[in-house]
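To start, the structure under review is shown below, and the notes come after it.
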Amino acid sequence: MIRELSTPIIEVWDGVLTLPIVGLVDSVRTAEIMDNLLTSVTRTRARYAILDLTGVEVVDTGTAGHLIGMIQAIRLLGAEGILTGIHPTIAQTIVALGVDLARVAVFAKLRDALKFCIVQMSQRKPSTVTAK
């Protein structure tokens, strides 16, 4: 119960989950976060999952790699992972790893990421199926 409260997954909009991460993030905690987040993405059929790192100041290279792996796993479930609130030290770690974030949406603030999700969902038209 305490672990779930330390990393709450919140549905902030229809189809949009956010995970505010606060405090020390190590490989064990990242694995727990990934498991909970992927389960929530599947259960809610979320289209977007925002990982808000505003409350995290430092991660080691292994943890940074796990965070990027989490974004890739979210994509495999058919949703888009978005990063927000990256501190300069975390940015340096990600760059040092040589991670290509070209296909990952990154925003300075959670509010900007949420606006992005809402705009993207409003622009997508529902597909129509025609019978022959």
Q) Of all heavy-atom pairs between G65 and L97, which one has the smallest distance, and what is that distance? A)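 Taking every non-hydrogen atom into account, N-CD1, 3.8 Å.
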Q: Write down the atom of A91, the atom of I86, and the distance for their closest heavy-atom approach.
A: N-CG2, 3.6 Å
Q. What do the steps show when you test L77 against L38 for side-chain contact (heavy atoms from CB on, under 4.5 Å), and what is the final call?
A. CA-CA 8 Å; L77 295 177; L38 296 179; 3.6 Å; yes
Below 4.5 Å, heavy atoms only, C-beta onward: do [X] and [Y] meet side chain to side chain?
X	Y	result
M70	L37	yes
I94	L101	yes
V104	I82	no
R47	E80	no
M34	T30	no

Q. Please, which pairs that meet ring pair (Phe, Tyr, Trp, His ring centres under 6.0 Å) have at least one residue in residues 82-121, sequence neighbours excluded?
A.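 The answer is F107-F116.
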(Q) Please tell me whether L53 and V95 are part of a single hydrophobic cluster in this structure, the criterion being side-chain heavy atoms less than 4.5 Å apart. (A)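 No, no single cluster joins them.
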Report the distance from atom [atom1] of [X] to atom [atom2] of [Y], rounding to the nearest 0.5 Å.
X	Y	atom1	atom2	value
I74	S40	CD1	OG	10.5 Å
H66	T61	NE2	OG1	9.5 Å
I90	L67	CD1	CG	7.5 Å
I9	T39	CD1	OG1	8.0 Å
D52	K109	CG	NZ	12.0 Å

Q | Distance-only polar pair, side chains of T63 and D60, donor-acceptor under 3.5 Å | A |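 Yes, D60 and T63 have a side-chain donor paired with an acceptor closer than 3.5 Å.
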Donor-acceptor contacts, no H, no angles, side chain residues 10-26, under 3.5 Å, sequence neighbours left out:
from: T18; atom 1: OG1; to: I50; atom 2: O; distance (Å): 3.4
from: D26; atom 1: OD1; to: V28; atom 2: N; distance (Å): 3.4
from: D26; atom 1: OD1; to: R29; atom 2: N; distance (Å): 2.8

Q.
Counting neighbours of CZ on R75 that are heavy atoms of other residues, nucleotides or ligands and sit closer than 6.0 Å, is the number greater than 12?
A.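 Enclosed: over 12 neighbouring heavy atoms sit under 6.0 Å from CZ of R75.
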